[in-house]
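Accompanying notes for the structure given below.
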Amino acid sequence: MSTATGARRLTTSAMIASFADPGQRTANAPFGHALAALAEQDPRVVGLTADLGKYTDMHVFAKAHPERFFQMGMAEQLLLGAAAGMAEVGLIPFASTYSVFAARRAYDFLCLDIAEPNLNVNVIGGLPGLTTGYGPSHQATEDIAIFRGMPNLTIVDPCDSVDIEQAVPQLAASDGPTYLRLLRGRVPTVLDEYDYTFRLGKAAVLRGGNDVVFVSSGLMTMRALQAAEELARHNVDVAVVHTPTIKPFDAETVLAEVDSDRLVVTLENHTVVGGLFETVASAVVRAGIGRRVVPIALPDAFLDAGALPTLHERYGLATGTVVAKVLEELASTTPS
């Protein structure tokens, strides 16, 4: 882009900026602080990273517990192999890297070294979905689709700092491997306003509503709650069901909300292929519920590079685009 045209270059900060709204309450590095606090209580907890400590908030743990931190370098397969060995001797490793590297580059090591023997290794994946503007090399838009088919693996897609802080000790206490889609840096604090507690493997109804049911995960639960408030101004009453655990999926809670005459919409920071939408749709079909489910998700495509706010608007993850989609769906299903 030529500056002679008067167009402003995108800066690095714009491409990795927090998805938090201006003025929104946030917590700094909730994963790093939660892990450091857990390690104070449990000497078995160790932290590893593949040259991405600062960018996965593992640096907070490293500073607090340097003797229990292991820098593995740019070697994601070694990272997971070493974590497996540590788990074999009774440690509880948390291994952090970018989601794209865990899912694409080290899949076989996670599958055979960790999941097959059902070891307690917690893989922390940074930059999930569209949380970076650096393009397909860094945008893990298909990580859940890749991992859902792996036996024994628990998949967690947290909404905010509350989810992350409460999830860390539960992941450590659970049997078998887990994969957490990490939100890093200054992470919004949202769920404390909804009488919510993270429970591994469980969904939660955050608000009721008579017209529409949102089933959401990850940062899209924040957008679902914002969209529900905006839709109320259009006299549309929206329920929001937060599903932070994608696998195992809490079909009982979700289907109890889906099985009604309300419009059902799934919202996820992931490709429409193989993620929350298809998880919900599968549960609906298995239960014999004749309901249409409308997905709000990323397209089945390699995405553009750019500033996050621009990309969220372009690909339908912004609050305004969610509201517009719901109003369009309601208008198309309302008898004239």
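FYI, the numbering just counts along the sequence from 1.
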Between [X] (side chain only) and [Y] (backbone N and O only), is there a donor and an acceptor less than 3.5 Å apart?
X      : Y      : answer
Gln77  : Asp108 : no
Gln166 : Phe198 : yes
Arg184 : Tyr55  : yes
His65  : Val46  : no
Asp160 : Val187 : no
Thr279 : Gly275 : yes
Asp113 : Gly81  : no
Glu329 : Val265 : no
Arg291 : Ser260 : yes
Asp211 : Val238 : no

Say whether [X] and [Y], considering side chains only, have a donor N or O and an acceptor N or O under 3.5 Å apart.
X      : Y      : result
Thr221 : Ser216 : yes
Tyr179 : Ser99  : yes
Thr141 : Thr271 : no
Thr310 : Arg314 : no

What distance separates [X] [atom1] from [Y] [atom2], expressed to the nearest 0.5 Å?
X      : Y      : atom1 : atom2 : result
Leu79  : Asp51  : CG    : CG    : 11.0 Å
Leu80  : Leu119 : CG    : CG    : 11.5 Å
Thr132 : Tyr98  : OG1   : OH    : 7.0 Å
Leu183 : Cys159 : CG    : SG    : 8.0 Å
Leu130 : Tyr315 : CG    : OH    : 8.0 Å
Asp157 : Asn269 : CG    : CG    : 7.0 Å

For the residue pair [X] and [Y], what are the closest heavy atoms and their distance?
X      : Y      : value
Phe19  : Met222 : CD1-CE, 3.7 Å
Ala115 : Asn152 : O-ND2, 2.7 Å
Pro244 : Asp163 : CB-OD2, 3.9 Å
Asn118 : Pro177 : OD1-CD, 3.4 Å
Pro93  : Leu48  : CB-CD1, 3.7 Å
Ser96  : Thr56  : OG-OG1, 2.8 Å

What I'd like to find out is whether the side chain of [X] reaches to under 4.5 Å of the side chain of [Y], using heavy atoms alone.
X      : Y      : answer
Ile114 : Leu110 : yes
Phe61  : Arg68  : yes
Leu303 : Leu311 : no
Val60  : Leu35  : no
Leu127 : Tyr134 : no
Val241 : Val205 : yes
Phe101 : Met74  : no

Sequence neighbours left out, what pairs pass ring pair (Phe, Tyr, Trp, His ring centres under 6.0 Å) with at least one residue falling in residues 209-242?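 Sorted result for residues 209-242: Tyr196-His242.
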[X], [Y]: one ILVMFWY side-chain cluster at the under-4.5 Å cut-off?
X      : Y      : value
Val121 : Tyr107 : yes
Phe147 : Phe277 : yes
Leu38  : Val123 : no
Leu267 : Val156 : yes
Val294 : Leu317 : yes

Under the side-chain contact (heavy atoms from CB on, under 4.5 Å) test against [X], which residue among [options] passes?
X      : options                        : result
Thr49  : Lys54, Gln71, His59            : Gln71
Leu231 : Val212, Val322, Val326, Asp237 : Val326
His270 : Leu276, Asp143, Leu298         : Asp143

Kindly write out the residues that satisfy salt bridge (Lys or Arg N to Asp or Glu O under 4.0 Å) with [X], not counting sequence neighbours, or none if the list is empty.
X      : value
Arg104 : Glu142
Arg148 : none
Arg105 : Glu76
Asp300 : none

CZ of Arg186: more than 12 outside heavy atoms within 6.0 angstrom?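 Atom CZ in Arg186 is packed in, count exceeds 12.
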Show every side chain to side chain donor-acceptor pair (under 3.5 Å) that has at least one partner inside residues 243-252, sequence neighbours left out.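 Every pair satisfying side chain to side chain donor-acceptor pair (under 3.5 Å) with a residue in residues 243-252: Asp250-Thr253.
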Quick one: do Glu268 and Arg181 make a salt bridge, cutoff under 4.0 Å?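 So Glu268 does not pair with Arg181 through a salt bridge.
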For the pair Phe94 and Phe31, name the ring-plane relationship: parallel under 30°, tilted 30 to 60°, perpendicular over 60°.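 Phe94 vs Phe31 ring planes: tilted.
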Test applied, side chain to side chain donor-acceptor pair (under 3.5 Å); reference residue, Thr178; option that passes from Asn120, Thr154, Asn122: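 For Thr178, the side chain to side chain donor-acceptor pair (under 3.5 Å) check succeeds only for Asn122.
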